[in-house]
K.L.:
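Okay, handing you the structure first.
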Amino acid sequence: MAISPEKKMDLLVSLAKRRGFVYPDSDIYGGFANAWDYGPYGTELKNNIRDAWWKRFVHGREDMVGVDTPVIQHPKVWEASGHLATFSDPLVEDKKTHKRYRLDHLLEAQGIDVSGLSFEQMVAKADEAGLKSPDGNVLAEPKQFNLMFKTFVGVSEDTASVAYLRPETAAGMFTAWKDIRDTMRKKLPFGIAQVGRAFRNEITPGNFIFRTREFEQMEIEYFVKPEEAPQAFEMWLGEMKSWVHDVLNIRPDHVEYKEIPDADRAFYSARTIDVEYHYPFGQKELYGLANRTDYDLSQHQKFSNEDLRWFDADTKERFIPYVIEPSWGLSRTVLAVLCEHLDIDEAPTADVGADGSSAQEPRMVLRLPPALAPVKAAVLPLQKKDGLAEIGRELAAKLRASALVVEFDEGGSIGKRYRRQDEIGTPWCFTVDYQTKEDGTVTVRDRDAMTQERIKMEEVSGWIRSRL
RNA sequence: GCGGGUGUCGUAUAAUGGCCAUUACCUCAGGUUUCCAACCUGAUGACAGGGGUUCGAUUCCCCUCACCCGCUCCA
């Protein structure tokens with residue numbers, strides 16, 4: 001059953017809190033803007049997505065290695081990457097209309113060349129020219145917005161050096177490139193993968209966990225011979241599509257693969273495709289894929305004075321590889337997966353009408369792919385008494401021992417317990433009933449179809465495994 | 001950061017310048033229940049925070065914080 005987009009976010013945010021997926025952070029202090037806690041189920045879901053990704057793209061491929069680099073790196077890294085120069089915007093506000101503009105854009109519109117000017121120099125130019133807003137109003141004092149979080153490394157602030165929290169994980173793969181090239185015996189093409197946190201001092205965060213100042217990325221830098229870049233780009237585009245549809249089980253018509261035209265691309269990028277998902281609040285970026293050419297390694301070679309070229313043993317040539325960068329937002333994937341699979345349908349109730357048919361009630365269900373579900377199975381005794389609970393508890397313990405995430409629940413009616421599991425996306429419920437005592441079988445109830453079959457208790461673990 | 005709007009148990013809500021702040025769902029405990037939110041009994045749980053006016057403030061005023069919408073930004 002379709003849920004209207006306006007209602008969907010509200011339903012999702014309240015379900016996320018009620019069922020322990022995502023809570024407002026610092027809730028006991030009244031909350032902290034745009035910071036969220038992943039609760040027990042949210043953490044499981046996020047970890048499952050991350051692990052599925054790592055298994056598929058790192059363990060599953062011969063041409064890939066993984067790294068884990070620090071959030072705070074040498075400040076030179078951000079000079080070389082260009083983030084220090086371009087990841088900051090000078091903003092001014094029209095005092096009358098309260099609209100905001102970029103100071104450099106206003107100056108350029110006046111025919112004033114701002115290239116290479118510092119923030120202070122731009123402010124001086126603006127004063128000189130008596131700069132007004134496009135509506136002809138007085139402007140407020142310009143302010144500098146740096147998208148990178150600044151911090152200090154050292155015991156006291158005055159003697160310490162300034163450092164930055166990484167605004168993306170990619171840089172770590174470039175700084176580790178030389179060591180990996182020299183130690184891992186890989187041949188081009190090959191890639192380096194990393195999962196980790198990145199930080200951006202966004203001016204406008206919002207939409208639940210969609211845009212936050214602290215977020216997680218899963219990124220790959222795939223190094224290729226320059227002439228092989230276009231085909232590597234196509235290969236990764238295919239991989240991204242397959243991930244979205246085969247692993248996340250997102251409907252093809254909920255995703256757009258948007259080719260970014262020349263004019264809108266970053267100057268170093270030869271080709272960029274944005275992968276956009278139809279969130280309830282609009283079509284927004286989920287993933288990105290870019291051909292970054294030799295920009296990053298060239299920059300780091302220049303700033304570090306290290307030779308970062310690749311030596312081709314066949315042709316005896318040295319060159320800087322091109323980089324294809326597929327980039328996945330992990331936090332955004334969690335949100336997209338929740339949006340995609342949250343559903344309301346009809347379930348029968350215990351009330352049976354005169355014609356023998358059951359009355360129907362709306363049911364909220366998260367149709368997560370089983371491999372991503374926070375809880376794989378619930379074990380439910382039909383009754384607490386007559387020893388059924390003990391049998392169930394024992395079965396749950398056995399499943400846990402075989403490394404499955406399971407829950408045991410004996411509280412309330414059986415229907416109520418099914419619905420609880422539906423809301424957190426548990427694909428299967430195993431019910432211990434009176435027949436179990438006679439023949440050692442339990443029923444399996446399917447989350448989506450709500451149908452049941454009987455299997456032997458000792459087969460439960462294998463039954464689940466074969467379906468993950 | 002600016003403009004506008006909104007803040008009452010976990011969720012949805014009612015009322016009030018003066019008695020333990022209402023109700024439903026959820027949650028928990030007990031009972032009941034032989035497969036889909038049933039029922040009975042009971043329990044926990046809120047006036048976003050701070051200050052002011054007042055004999056007395058959840059209610060009126062101020063500040064802060066948070067949330068929603070819009071703007072600027074998202075190489």
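Just so you know, these numbers come straight off a predicted model, no measurement behind them. Sequence lines set the chain letters: A, B, ... in the order given, protein chains first and strands last, and positions in each chain run from 1.
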K.L.:
Among A:Ile424, A:Ile344, A:Asp343, which residue meets the side chain to side chain contact (heavy atoms under 4.5 Å, CB included) test with A:Val365?
P.N.:
A:Asp343

K.L.:
Polar-atom pairs under 3.5 Å, protein N or O versus N or O of nucleotides 23-33 of chain B: list them with distances, or write none.
P.N.:
{"from": "B:C26", "atom 1": "OP1", "to": "A:Lys416", "atom 2": "NZ", "distance (Å)": "2.8"}
{"from": "B:U27", "atom 1": "OP1", "to": "A:Arg420", "atom 2": "NE", "distance (Å)": "2.8"}
{"from": "B:U27", "atom 1": "OP1", "to": "A:Arg420", "atom 2": "NH2", "distance (Å)": "3.2"}
{"from": "B:U27", "atom 1": "OP2", "to": "A:Lys416", "atom 2": "NZ", "distance (Å)": "3.3"}
{"from": "B:U33", "atom 1": "OP2", "to": "A:Lys385", "atom 2": "NZ", "distance (Å)": "3.2"}

K.L.:
With sequence neighbours left out, what residues match A:Lys302 under side-chain contact (heavy atoms from CB on, under 4.5 Å)?
P.N.:
A:Gln299

K.L.:
Using the aromatic ring of A:Tyr434 (for Trp, its six-membered ring), decide whether it stacks on the base of B:U34 within the limits of 5.5 Å and 30°.
P.N.:
yes

K.L.:
With sugar-phosphate meaning primed atoms plus P, OP1 and OP2, does A:Gln421 contact a base, only sugar-phosphate, or nothing at under 4.0 Å between heavy atoms?
P.N.:
nothing

K.L.:
Is there a side-chain contact (heavy atoms from CB on, under 4.5 Å) between A:Asp433 and A:Arg454? Walk through the geometry before answering.
P.N.:
CA-CA 11 Å; A:Asp433 59 14; A:Arg454 291 200 84 88; 2.9 Å; yes

K.L.:
Kindly write out the residues that satisfy salt bridge (charged side-chain N to carboxylate O under 4.0 Å, His left out) with A:Glu306, not counting sequence neighbours, or none if the list is empty.
P.N.:
A:Lys178

K.L.:
Is there a salt bridge (charged side-chain N to carboxylate O under 4.0 Å, His left out) between A:Asp446 and A:Arg467? Walk through the geometry before answering.
P.N.:
CA-CA 12 Å; A:Asp446 183 85; A:Arg467 285 165 176 78; over 6 Å; no

K.L.:
What verdict does the side-chain contact (heavy atoms from CB on, under 4.5 Å) test give for A:Tyr164 and A:Val77, after you've listed the backbone C-alpha separation in whole Å, the side-chain angles of each residue and the deciding distance to 0.1 Å?
P.N.:
CA-CA 10 Å; A:Tyr164 301 90; A:Val77 170; over 6 Å; no

K.L.:
Using the C1' atom in both, what is the distance from B:A38 to B:G31, to the nearest Å?
P.N.:
15 Å

K.L.:
Counting any heavy atom closer than 4.0 Å, what does A:Thr431 reach on the DNA or RNA strands: base, sugar-phosphate only, or nothing?
P.N.:
base

K.L.:
With a sphere of 6.0 Å drawn around NZ of A:Lys258, does it hold more than 12 non-hydrogen atoms of other residues, nucleotides or ligands?
P.N.:
no

K.L.:
Determine the Euclidean distance between corresponding C1' atoms of B:U13 and B:A21; express it in Å to zero decimal places.
P.N.:
13 Å

K.L.:
Take the protein atom CZ of A:Phe210 and the nucleotide atom C1' of B:C68, then report the distance between them rounded to whole Å.
P.N.:
17 Å

K.L.:
P atom, B:U23 versus B:C9: distance in rounded Å?
P.N.:
16 Å

K.L.:
Considering all heavy atoms of both residues, which atom of A:Leu308 and which atom of A:Trp177 are nearest to each other, and what is their separation?
P.N.:
O-NE1, 3.0 Å

K.L.:
If the C1' atom of B:U22 is compared with that of B:U16, how far apart are they to the nearest Å?
P.N.:
11 Å

K.L.:
Assess whether atom CD of A:Glu234 is packed by more than 12 heavy atoms of other residues, nucleotides or ligands within 6.0 Å.
P.N.:
yes

K.L.:
What's the gap between B:U8 and B:C47 when it is taken at their C1' atoms, as a whole Å value?
P.N.:
4 Å

K.L.:
Identify which nucleotide among B:C36, B:C35, B:A75 has an atom closest to any side-chain atom of A:Tyr268, counting heavy atoms from C-beta outward.
P.N.:
B:A75

K.L.:
Just to be sure I understand the rule, does A:Gln452 reach a base, reach only the sugar-phosphate, or reach nothing, if contact means heavy atoms closer than 4.0 Å?
P.N.:
base

K.L.:
When A:Asp422 is tested against each of A:Arg19, A:Arg445, A:Arg447 for salt bridge (charged side-chain N to carboxylate O under 4.0 Å, His left out), which residue passes?
P.N.:
A:Arg445

K.L.:
Classify the ring geometry of A:His278 against A:His254: parallel below 30°, tilted from 30° to 60°, perpendicular beyond 60°.
P.N.:
tilted

K.L.:
Determine which bases of RNA chain B form Watson-Crick or G-U wobble pairs with both distances under 3.5 Å, and write the result as a 5' to 3' dot-bracket string with | for other-strand partners.
P.N.:
(((((((..(((.....[....))).(((((.......)))))....(((((..]....))))))))))))....

K.L.:
Does a side-chain N-to-carboxylate-O contact under 4.0 Å join A:Glu458 and A:Lys398?
P.N.:
no

K.L.:
In terms of the nearest nucleotide of RNA chain B, which residue is placed more toward the 5' end: A:Lys17 or A:Phe208?
P.N.:
A:Lys17

K.L.:
Near RNA chain B, under 4.0 Å by heavy atom, which residues of residues 321-338 of chain A?
P.N.:
none

K.L.:
Please work out which residues in residues 442-449 of chain A have a non-hydrogen atom less than 4.0 Å from an atom of RNA chain B and list them by number.
P.N.:
A:Thr443, A:Arg445

K.L.:
Using the six-membered ring wherever Trp is involved, compare the ring planes of A:Trp328 and A:Trp53 and label them parallel, tilted or perpendicular (cut-offs 30° and 60°).
P.N.:
perpendicular

K.L.:
Taking the P atom in each of B:G5 and B:U64, what is the distance between them to the nearest angstrom?
P.N.:
16 Å

K.L.:
Rounded to whole angstrom, note down the P distance from B:C20 over to B:U6.
P.N.:
31 Å

K.L.:
Measuring centre to centre across the rings, with the benzene-like ring taken for any Trp, is A:Phe281 within less than 6.0 Å of A:Phe208?
P.N.:
no

K.L.:
Is the closest side-chain donor-acceptor distance between A:Thr333 and A:Tyr287 under 3.5 Å?
P.N.:
yes

K.L.:
Rounded to the nearest angstrom, tell me the gap between atom CG in A:Leu15 and atom P in B:A12.
P.N.:
13 Å

K.L.:
Taking atom P in both B:A46 and B:G3, compute the distance separating them and give it to the nearest angstrom.
P.N.:
35 Å

